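We're numbering straight along the sequence, starting at 1. Here the structure is a predicted model, which is why all the values come from computation and not from measurement.
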Amino acid sequence: MVVDAHSHLFHHSWYPQAFNNQLVAALGRRRNASPHAARVLLRALSDESGESTLRAMDRAGIDRRIVLVID
């Protein structure tokens, strides 16, 4: 059995706008991205239902995943 012991499940609607703005700014600085590109990345990271996460786990051969909460 393959276990991913550190993962996060994220969707921008679960957090206040101020958190999302700060995350976009941090992603933009880290990747030297434009604000538009950083927002696209934020949307790409979002997985409200977990379906994208399950597909990625299947592709990687991961059986179980421990999801850590972002506080």
Side-chain angles (χ1 to χ4, degrees):
M1 175 182 292
V2 177
V3 177
D4 177 354
H6 183 135
S7 67
H8 298 279
L9 191 61
F10 170 82
H11 192 267
H12 64 273
S13 69
W14 302 340
Y15 298 93
Q17 189 61 46
F19 176 89
N20 291 322
N21 292 343
Q22 180 60 35
L23 183 57
V24 165
L27 289 170
R29 280 192 307 273
R30 195 172 234 185
R31 307 220 185 271
N32 293 324
S34 70
H36 173 73
R39 290 198 180 281
V40 168
L41 182 56
L42 180 67
R43 282 195 304 274
L45 291 172
S46 294
D47 184 13
E48 187 172 22
S49 69
E51 289 178 25
S52 293
T53 297
L54 290 173
R55 284 192 304 273
M57 288 172 61
D58 287 342
R59 284 192 309 270
I62 298 171
D63 300 302
R64 299 282 187 266
R65 182 174 243 187
I66 298 169
V67 177
L68 305 170
V69 177
I70 300 174
D71 29 33

Which pairs count as salt bridge (Lys or Arg N to Asp or Glu O under 4.0 Å) when at least one residue sits in residues 5-23, sequence neighbours excluded?
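As it turns out, there is no salt bridge (Lys or Arg N to Asp or Glu O under 4.0 Å) pair with a partner in residues 5-23 once direct neighbours are skipped.
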
Quick test of your reading: applying salt bridge (Lys or Arg N to Asp or Glu O under 4.0 Å), list the pairs with at least one residue in residues 2-13, sequence neighbours left out, ordered by first then second residue.
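Passing the test, one end in residues 2-13: Asp4-Arg65.
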
Which atoms form the tightest heavy-atom contact between Phe10 and Leu23, and what is the distance?
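For Phe10 versus Leu23, the nearest heavy atoms are CZ-CD2, 3.9 Å.
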
What's the shortest heavy-atom distance between Ser7 and Ile66, and which atoms?
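In this case the closest contact between Ser7 and Ile66 is OG-O, 2.8 Å.
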
Do the side chain of Asp63 and the main chain of Val2 share a donor and acceptor less than 3.5 angstrom apart?
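Yes, because the side chain of Asp63 sits within donor-acceptor range (under 3.5 Å) of the backbone of Val2.
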
Residues two or more places apart in sequence or in another chain: which of them pass salt bridge (Lys or Arg N to Asp or Glu O under 4.0 Å) with Asp47?
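Here no residue qualifies.
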
With sequence neighbours left out, what residues match Ser13 under side chain to side chain donor-acceptor pair (under 3.5 Å)?
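Result, side chain to side chain donor-acceptor pair (under 3.5 Å) vs Ser13: His11.
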
Which residues pass the side chain to side chain donor-acceptor pair (under 3.5 Å) test with Gln17, not counting sequence neighbours?
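With neighbours one apart ignored, the set is Asn21.
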
Shared hydrophobic cluster, Leu54 / Leu45 (ILVMFWY, side-chain heavy atoms < 4.5 Å)
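As far as the 4.5 Å side-chain criterion goes, Leu45 and Leu54 are not connected within one cluster.
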
Do the side chains of Val24 and Trp14 join up, straight or via other hydrophobic residues, at under 4.5 Å, putting them in one cluster?
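Hydrophobic grouping puts Val24 with Trp14.
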
Among Ile, Leu, Val, Met, Phe, Trp and Tyr joined by side-chain contacts under 4.5 Å, find the other residues sharing a cluster with Val40 and list them by chain and number.
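Taking Ile, Leu, Val, Met, Phe, Trp and Tyr as members, Val40 stands alone, with no cluster partners.
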
